[in-house]
Amino acid sequence: MAKIFCVANQKGGVGKTTTTVNLAAGLAKVGQRVLLVDLDPQGNATMGSGVDKRALEHSVYDVLLGEQGVAEAAVDTPKAGYRVLGANRELAGAEIELVNLPQRETRLKQALAEVAAQYDFILIDCPPALSLLTLNGLCAAHGVIVPMQCEYFALEGVTDLVNTIRQVHANLNPDLQIIGLLRVMFDARITLQAQVSEQLKAHFGDKVFDTVIPRNVRLAEAPSYGLPGVVFDGSARGSKAFVEFAREMVQRVQHM
Ligand code: ADP
Ligand code: MG
């Protein structure tokens, strides 16, 4: 049965999509069966996996509205090694349409249950908001991966998310836990980043992943080629870090 993880942080531009796409590719590289679910109307994870969001026949939108099953709506990626349930602008409307539907928070959870046996990991890329879409991701997941940059206000930003996760855990999804905080775009030469990194470890202990993702331009270039960095340039430092992170995740799920 698949372990399901949300990659979430209500801030934009912190590395959610880069993490989702490269963790998916890293997991595929170490032999795991992976489904990536794009829950962001921007569709960046879809495009970054090599799937054209404008040409999607079906998307996560149809799945949330109950018009398609995941198995029919997901597509293979040509080179990335995993399957994608894609998203595009259409998904922006789902926020409003979902409000009046029954079980509006658990529609993704129900849909994923039908394919969970076919995968080892399902990764959900969340939009930068604590919206009904993100709530669907959190309700469907066993755990949350929180990418964050080691900046001055990083801890403060994470507090809101931690509180939301607590509420979802208490009211909607007792399975949900924070799997870990992932330090991304890290530059050890910047003293402040090293300090914040230490603070994070002091505050969150083993909820901070061992793997650190460095700032690496190859990871930023890869999406324009429709490839995860891990596939685009496997020898880049950032790509190696994501494969290592994939191994760390495989280890962690053995204890879940
Ligand atoms: P989010 O999904 O949280 O909005 P993205 O994953 O899209 O964030 O990342 C924001 C920007 O930072 C993108 O341009 C991306 O290519 C770049 N980026 C993300 N991670 C790294 C990294 N480790 N090194 C260099 N650039 C990165
Ligand atoms: Mg994103």
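Not measured: the values here are computed from a predicted model. Residue numbers run from 1 in the order of the sequence given. Atoms within a ligand are numbered from 1 in the order they appear, just like the ligands themselves.
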Requested in this report: Determine yes or no for a side-chain-to-main-chain donor-acceptor pair under 3.5 angstrom, with Lys79 supplying the side chain and Phe232 the backbone.
Outcome: no
Query raised in the report: Can you check whether Phe153's main-chain N or O pairs, donor with acceptor, with Glu156's side chain at less than 3.5 Å?
Result: no
Requested in this report: Only counting residues at least two apart or in another chain, list the ones meeting side chain to side chain donor-acceptor pair (under 3.5 Å) with Glu221.
Outcome: Arg218
Query raised in the report: Which residues satisfy the ring-ring contact (aromatic ring centres under 6.0 Å, His included) test with Phe245, sequence neighbours excluded?
Result: Phe209
**Report entry** ring-ring contact (aromatic ring centres under 6.0 Å, His included) involving Tyr152 - partner list, sequence neighbours excluded
**Finding:** none
**Report entry** Leu91, Leu133, Thr46, Asp38 screened by side chain to side chain contact (heavy atoms under 4.5 Å, CB included) with Val60, the one that passes
**Finding:** Leu91
Query raised in the report: Short check: any N/O/S atom of Thr17 below 2.8 Å from the Mg ion (ligand 2)?
Result: yes
Query raised in the report: If you count only heavy atoms, which residues are under 4.0 Å from ligand 1?
Result: Gly12, Gly13, Val14, Gly15, Lys16, Thr17, Thr18, Met185, Ile213, Pro214, Arg215, Asn216, Leu219, Ala220
